[in-house]
Structure formats: C-alpha cells, structure tokens
Amino acid sequence: MRRRGRRVPEEGRGGASGKLGGSMEGRSGDRLWMSMSLEIAASAPVTTIATIGVHEGQTVTLRGWLYNLRASGKLLFPIFRDGSGTIQGIVPKAAVPEALFESLKNLTLESSVIVTGKVRADARAPSGFELDVVDLEVVQRVDDAHPFPITLKEHGVDFLMEHRHLWIRTPRQSAILRVRATIMRAAAEYFDTNGFTRTDPPILTPAACEGTSELFEMDYFDEKAYLTQSGQLYIESTALALGKVYSFGPTFRAEKSKTRRHLTEFWMIEPEVAFCGLDELMELAENFIAHIVQSVLKQHRGDLKVIGRDVTKLETIQAPFPKISYDEAHRMLEEAFSKGLIESKHTYGDDFGSPDETYLSNQFNRPVMVHRYPAAVKAFYMEPDAADPTKALCVDVLAPEGYGEIIGGSQRVDSYDLLRQRILDHNLPLAAFEWYLDLRRYGSVPHSGFGMGIERAVAWICGLDHVRETIPFARTLNRIYP
RNA sequence: UCCUGAGUAGCUCAAUGGCAGAGCAUUCGGCUGUUAACCGAAGGGUUGUAGGUUCGAGUCCUACCUCAGGAGCCA
C-alpha cells in the first residue's frame, strides 16, 4: 500500500480534509476540462463494481474509495473499492487532463472518490474488467499526516481488532460480512417458508435459563436483571401458543472463555416445535443447515474465493447427515485412543471435550449428529429417553473440519412432576420457574427445539480460524473497543 | 480460574550480557502494464511498567500490566 508524491503547496489543497470536489478545483486553464467532465459524469450511469460487467464498453460512474495505488512512471494504476468489490483503473498521463493525473497521483489511500471511466474487459485483470478513468472527484482526501493504518501487509491480531472499524474495509473482511448476512437471511428464510412464526424473547431476563453459565448482571431499577443467555424457555411458551416458532437475536455469556470459538455476545437462531420428538428435530436441523450452506454456495462463489474457502468441502453438505448415539461416539473415541489418534482417553459418562469433538467431526464429510447423551451431563429441561432413562433425548450437531458444536437441541420435559423435580434437583429457584411450569399445567405436549450459534456457523462455512472475524464487532473476554 | 507463549520504529519482526537493525509504511527522486509493483535516498526508538543483579541489561532475576493460544464451560 503506498502513496506517491506530495501535493504542491501553492495549490492549497494538501490535506484538504472534508473539502468536496477536489479534482474540480483546477485553475482557470482547466475550465474547459471541468465542464466537459461534468457532462460526462452527469450522463454516465452510476453502477457498482460487482455488476460492472454488464456495462462493458460503456462509460460509467462508481462511488467508493481508493483502495490501492501503483504507478509506473507516467502510468497510474489506482484500485477502487465500493463495498461490492474492487476494480483497477488505468490512467496514462498522456490520455487525461494534467489536473486529473496530478490529483490522482498524490491521492492518499482510502480517500473517498466518485470516479467515471470506460469499462474494458482485460485478461490481465483478476476480475476480468478494468476502468479507463476519464474523471475523478475527490469527496474527502485522507490527510497526509494520518495515513490509513491498515496496510496490505501482515498485521497482528491486537492491532487489527483495535482498528476493527477500519479493518472491515478490506476485501476479505467485507466478503465475510456479506456471507454472514446471507447465512442469517437463509436461516430465517428456512423457517419463514416452512410455517414458523418468529417470536423473539426478551433480552432482559429475571433469572438464568439454565443456571449453569455465568450471566451478565445489571441493575433493573431496584431489582437485579440479567442479559439473556438463551430464549429457549420463552419460545417454549410461544410454541405452545403458535405451534412452530423461532427466535433470532443476540445472546450473552459471561463465561471467561478465551478460545477461537467463544464470544461474550453472539447471535443465536432457535426454533421450537410443538408435538415434535427428537427424530423429527434432527430432520429439521439437517435440512436447515443444508439450506443455509446451499444458499451461500449459490450466492457467494466470488466472496468464498476472496476468503480462500475450499468450496468442495461445502458442496457435500446435503441432507441426510450421519447420526450416531453417544454410546457409538464413545466407542469411536475409545478406538481412536487405542490407536494413538487422540491424546486423552474419554471416560464413559462424561461430556465430550473439544479435542473429542474435533476428532469425531473429522471422521465425516458432513456435519455429524450425536444424540442421546447421559442425562447427568445435560440440562435439566431435557426429556429422558423412554428406552434408557439415564440418557437424554438431545442432539449436538458437530460441524466438519474440526469446527465443533454449532447446534445443541433436545426434546423438552413435558411432565409437570418430572420438571418440578429436576428444578429442585438442580437447586434452581422454583419461584422463578412457576411460569415455565405453567406450560406443563395447561395442555402440555411433547415439544423440541434447538439453537444454532450464527458465528460458529459462519466460521465453519467461511473456513475461518476464529469467530472474531465473523461478526462486525466481536465482544470477547479482553475486548469491548471499538 | 489454571497452563503455555509473546511484548523492541506507525506495522510485521531481528539483535551470543558488549555501538538498537531489516522489510513494509511515511517523505524525496526514477520508471508507460503494475498485480502486497519495482529501483535509489532520507527521517523515524524512554526496547510494556517498576525494582534488582552486573564494569555493562532489549537480553539474566522478581513483581505487575497487556495480548495471544489452549483447558474447563459452552453455541
């Protein structure tokens, strides 16, 4: 990333921060060009870089930023970005007005511009198209004294996160955010087109949903309140009102987890279905995930290429997914340990650790569904398996390539007596759960649901090594700025 | 909370206990097809903080701070 030359002082434009129409400020000798270029600009259609191919041979206007600038003597190669992609412009000194050449030659990176040029197909261009620039208006020139801090070279994690508000301008980060948007849209779309009603639960809650994780506590007038860690209990009640429902929103966990899979604030989409058992829930989950992945493949081939994702790993993501019981998974881990493929031995009855999940998910080329965990290691609201009451009717979906758990779900306890006993066994305050017990007093039915963490799904689908890149502004244990 | 590792120029990193360096960025100059362009020159430092050992500390010791990876916990 570079910037060339310095503004000539007598032009009085060096560092003209906030001044509009930089290139239109030519002296009297430039007046003819000025009026001509204004006409060109006025007549050229405004378009975006992503769709510029349909304008081949035409003169168009782009509105964006100077992403990079290379020069070779009297030839300039500005690269523009506009949020939809990047395109290289060509500016030969002999072919454009002097003021235009000088204005661009000294322009600082990330200055905002309105650029007009002729679209030309060129085999040398990565995107297939280049822009022969005929006019350039500088909307705001980045001051020489404070150049754009993010360069095309490598940076450390801390520096990038400290400048996250600027880091998101880079092609890779922008591509990730576009894919995230599609994942969120496809997820909601799947439920919207399959008879679900969206019912969002409150963010401020009076007590823990599960009582296990740490919560963010806050003062609610004279009471204590907590940021939600899951909308599940609330959507169980809307499911008994509306049949098939889902919620979609931010959730908060005050766990002091410092890993590539954890955020303190993350987005979760949670369906809940009345008259639904575990098998039907697993079918819902696999069709849901397949729909999301196929939607991303259909709409973001270009972005996935920018991100560097191996799409052949995504093309295999079709329902049905492999389904194994906790007992089968345990046997796989025992065998792996005896062959020396994993370091620590899994103890039957314990939950799986991260290395265990990584091993299991690596055995399949699609997400694997692990069901019927020991009830003792799972949440209080999970229905026991009638065939073996020590097991819970629950399922975890482990993403391939070692991405771990992206979905956790279960059939819920529908018996009033059992649920009440479970609440007491877990030392939870009964009074806080009276409304939840009401759902078992008045027309209780078997019902099931799951929650999918959006950021983990984005990390997997994009092939990222950390969830902090999957959300515009990640909230982690050590960072709440910017 | 625990384990491990890292803090040196704006950024990414070097420097056997003995003169604090490189690449990129910045500034100046050169180049008409560059792809993180390239070539030449210049400026740029309280080595995270506070103590200590030593003739001498970026380097060794102690404490603290910040960050990263992992464990536990979870989506």
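Order of the sequence lines fixes the chain letters, A, B, ..., with proteins taken first and strands second; residue numbering starts at 1 for each chain.
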Between B:rA25 atom P and A:F159 atom CZ, what is the distance in whole Å? 14 Å
Examine the base of B:rC11 for any acceptor or donor lying under 3.5 Å from a partner atom in the side chain of A:H155, and report the outcome as yes or no. no
A:S72 has its side chain closest, among B:rA68, B:rG33, B:rC74, to B:rG33
With a 3.5 Å limit on both atom pairs, tell me what B:rU34 is paired to, counting Watson-Crick and G-U wobble, or say none. none
Scanning all shown strands, the Watson-Crick or wobble mate of B:rG72 with both distances under 3.5 Å is none
Taking CD in A:E265 as the centre, count heavy atoms belonging to other residues, nucleotides or ligands within less than 6.0 Å. Is the count above 12? yes
Below the 4.0 Å mark, does B:rA36 have OP1 or OP2 next to a side-chain nitrogen or oxygen of A:R172? no
Between B:rC65 and B:rA75, how many Å separate the two P atoms, rounded to a whole number? 32 Å
Looking only at B:rA75, B:rA71, B:rU34, the nucleotide nearest the A:P355 side chain is B:rA71
Work out how far the C1' atom of B:rG70 is from that of B:rC74, and round it to whole angstrom. 15 Å
Result for 5'-nearest mapping on RNA chain B, choosing between A:D465 and A:G451, is A:D465
Give A:T251 one of three labels, base, sugar-phosphate or nothing, depending on what nucleic acid heavy atoms sit under 4.0 Å from its own. nothing
For the pair A:E130 (side chain) and A:R120 (backbone), establish whether a donor and an acceptor sit closer than 3.5 Å, ignoring hydrogens and angles. no
B:rG23 pairs with, by Watson-Crick or G-U criteria that keep both distances under 3.5 Å: B:rC11
Should the ring pair A:Y348 and A:Y326 be called parallel, tilted or perpendicular, given that the plane angle runs from 0 to 90° and is split at 30 and 60? perpendicular
Count the heavy atoms of every other residue, nucleotide or ligand shown that sit under 6.0 Å from CD of A:E189, and state whether that count exceeds 12. yes
In whole Å, measure the gap between the C1' atoms of B:rG44 and B:rG10 for me. 9 Å
With nearest nucleotides of RNA chain B determined for A:T264 and A:H466 from heavy-atom distances, which residue corresponds to the more 5′ nucleotide? A:H466
Just name whichever nucleotide pairs with B:rG5, Watson-Crick or G-U, keeping both distances under 3.5 Å, else none. B:rC67
A:F248 vs A:W267 aromatic rings, parallel, tilted or perpendicular, using cut-offs 30° and 60°? perpendicular
Measure CG/A:L69 against C1'/B:rG33 and give the value in whole Å, please. 14 Å
What nucleic acid atoms does A:I79 come within less than 4.0 Å of, heavy atoms only: base, sugar-phosphate, or nothing? nothing
Mark this stacking check for A:F77 against B:rG33 as yes or no, applying ring centres under 5.5 Å and ring planes under 30°. no
base_contact_polar (B:rC74 base, A:R456 side chain, donor-acceptor, <3.5 Å): yes
Base-pairing assignment for B:rA50 (Watson-Crick or G-U wobble, both under 3.5 Å): B:rU62
Donor-acceptor pair (no angle test) under 3.5 Å: A:S257 side chain, B:rC74 base: no
Mind checking A:E130 for me? I need base, sugar-phosphate or nothing, with any heavy atom below 4.0 Å counting as a touch. base
When you get a sec, tell me which of B:rA68, B:rU12, B:rG33 is the closest nucleotide to the side chain of A:E154? B:rU12
Taking the minimum atom-to-atom distance to the side chain of A:R70, which one of B:rC31, B:rG70, B:rA36 wins? B:rA36
Among B:rU26, B:rC31, B:rA75, the one nearest A:P147 by side-chain distance: B:rU26
Phosphate OP1/OP2 of B:rA71: any A:R261 side-chain N/O under 4.0 Å: yes
Rounded distance in Å between the P positions of B:rG18 and B:rG30: 44 Å
When the C1' atoms of B:rU4 and B:rG51 are compared, how many Å lie between them, rounded to an integer? 26 Å
Should B:rG18 form a Watson-Crick or G-U wobble pair with both distances under 3.5 Å, which nucleotide is its partner? B:rC55
Checking A:D385 side chain against A:T390 main chain: does a donor-acceptor pair fall under 3.5 Å? no
As a test of reading the structure: which of B:rG69, B:rC74, B:rC24 is closest to the side chain of A:K153, going by heavy atoms? B:rC24
Are the side chain of A:T108 and the backbone of A:D143 linked by a donor-acceptor contact shorter than 3.5 Å? no
Please check the phosphate of B:rA68 (OP1 and OP2 only) for any side-chain N or O of A:N478 closer than 4.0 Å. yes
On a whole-Å scale, what distance lies between the C1' atoms belonging to B:rC61 and B:rG43? 38 Å
From C-beta outward on A:H262, which listed nucleotide comes closest to its side chain: B:rA71, B:rA68, B:rA75? B:rA75
If you only use heavy atoms from C-beta on, which nucleotide in B:rG70, B:rA75, B:rG33 is closest to the side chain of A:L263? B:rA75
Backbone of A:A474 reached by a side-chain donor or acceptor of A:R468 within 3.5 Å: no
Any idea which of B:rG70, B:rU34, B:rA75 is nearest the A:R260 side chain? B:rG70
Could you check which of B:rG72, B:rA25, B:rA75 has an atom nearest any side-chain atom of A:T151? B:rA25
